[in-house]
J.: 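Structure provided below as structure tokens; questions to follow.
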Amino acid sequence: MKILLRNPRREIEVSGPCTVASLLHRLELNPESVLVIVGDELVTRDARLDDSASVEIRPVISGGAS
Amino acid sequence: MIDIKRHNAGFCRDHFLVHCREQVRRAIHDHKMVEPGDRIVVAVSGGKDSLALWDLLVGLEYDVDGLYLGLGIGEYSGESVQFARKYASARGLKLHEVDLQDDLGFTVPGAASVTHRSPCGACGLSKRHVFNTFARDHGYDVVATGHNLDDEAAVLLGNVLRWETGYLGRQHPVLPSAPGFVRKVKPLVRLGEREMAAYCVLQGIDYQVEECPMAEGNRHLGYKEVLNALEERSPGSKASFLFGFLERAHAQFATVAVEEREGLSACIECGSPTTSEICAFCRLRERASGVSLGEGR
Ligand code: SF4
């Protein structure tokens, strides 16, 4: 699977298939702090991703306290 | 589909959009944020929260324009204004722009290095000042900001850890108007930041995903991480922490904030309420821009 990560923008390869939950676990990401997007669609933790999927993991936490 | 653990629910696109609108409508109603006929200006950064807020307020048929403040943070600011402009022009909405460098003679990184403040401290002071004075001088009744449930819970955690009683008294979804102050409201207080990012994706709102370079390593991000770790173990923790405070503890601190507000007088430079002769923003501006107070008057 091709995984697009942001902040900074970069791409990594991860072997599939797997569920969204296990992918986030492998990447040590808290599901509460990201959205997982396949194509134009948001996917939930239990969705299965096949090996040819292109997945964006988008962080949702913004920084400044103002 | 999006799953929101604290509601123990998964939403399809249409129901999720209704959910967001309903949470904003409820926040506005419960906290009496807007009165009939009010003109609202949204503080727009080009990020997910402020653009989602603008979109939601337009959807709820409020009289609302946007105000973008250029912070002078290199490429980040150069890109963020494009997102704000693109959103506004595609929908025929009015976006005002103020630029710290062009209009006030300094940038956030410049001010931070000259004054030895943190960049976020200089930024926050500038935003509060510019949004308030712009609204006051252009006939807006309300300034709406995109602070969401996660922002407010993180600020609350920081305030509690240091027992900042004045800040605790002021931490509320509505700060009423007072002489020199326009009413400030936070209509996204019932929605988390993951929900706001999802709202933008589902509404096709293109926003700046890349983070401000000044945010790295700041305390606020650390508080959010801690709260998200708690939330993952125990969904609903952030909401019960924040709403429990607002319902059961805020009133204990509110008098401190009222007393602080009552002791303010007008800044001799800009007229904004302040505890001293010259407000903190004008002092920051003088040091950061190198223009002596009085010269710009
Ligand atoms: S991270 Fe700090 S400096 Fe950057 S926009 Fe947010 S408050 Fe301003």
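The sequence lines fix the lettering, A, B, ..., with proteins before strands; numbering per chain opens at 1.
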J.: A side-chain contact here means heavy atoms from C-beta on lying under 4.5 Å apart; do Leu56(B) and Pro187(B) qualify?
T.: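 With C-beta onward as the side chain, the pair stays apart.
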J.: Relative to chain A, which segment of Val209(B) carries a heavy atom at a distance below 4.5 Å: side chain, backbone, both, or neither?
T.: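 Its backbone and side chain both get close to chain A.
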J.: Side chain, backbone, both or neither: which part of Tyr207(B) has a heavy atom under 4.5 Å from chain A?
T.: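 Contact with chain A: side chain only.
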J.: So for Arg58(A), is it side chain, backbone, both, or neither that comes closer than 4.5 Å to the heavy atoms of chain B?
T.: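 For Arg58(A), side-chain heavy atoms alone lie under 4.5 Å from chain B.
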J.: So, Lys48(B) and Glu193(B), do they make that salt bridge, N to O below 4.0 Å?
T.: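 Looking at Lys48(B) and Glu193(B), the cut-off is met.
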J.: Heavy-atom pairs under 4.5 Å with chain A - which of Gly192(B), Ala154(B), Ala198(B), Cys212(B) has more of them than the others?
T.: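 Max contact count across the listed options: Ala198(B).
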J.: Taking the six-membered ring of Phe243(B), is the NZ or CZ of Arg190(B) close enough (under 6.0 Å from the centre) and on axis enough (within 45°)?
T.: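 Arg190(B) over Phe243(B) ring: yes.
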J.: Do you know the tightest heavy-atom contact between Cys20(B) and Leu191(B)?
T.: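 Nearest pair, atom of Cys20(B) first, then Leu191(B): O-CD1, 3.7 Å.
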J.: With a 4.5 angstrom heavy-atom cut-off, could you sort out which part of Val36(A) is near chain B: side chain, backbone, both or neither?
T.: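 Contact with chain B: none, neither part.
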J.: Checking heavy atoms, do the side chain of Ile4(B), its backbone, both or neither come under 4.5 Å from chain A?
T.: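 Neither the backbone nor the side chain of Ile4(B) comes within 4.5 Å of chain A.
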J.: Can you give me the closest heavy-atom contact between Ser45(B) and Ser50(B), atom names plus distance?
T.: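 The pair with the smallest heavy-atom distance is N-OG, 2.9 Å.
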J.: For Asn7(A), is it the side chain, the backbone, both, or neither that has a heavy atom closer than 4.5 Å to a heavy atom of chain B?
T.: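 Contact with chain B is through both the backbone and side chain of Asn7(A).
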J.: What pair of heavy atoms forms the shortest contact from Ala239(B) to Arg6(B), and how long is it?
T.: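 So the two residues come closest at CB-CD, 4.0 Å.
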J.: Checking heavy atoms, do the side chain of Asn148(B), its backbone, both or neither come under 4.5 Å from chain A?
T.: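 Answer is neither: Asn148(B) stays 4.5 Å or more from chain A.
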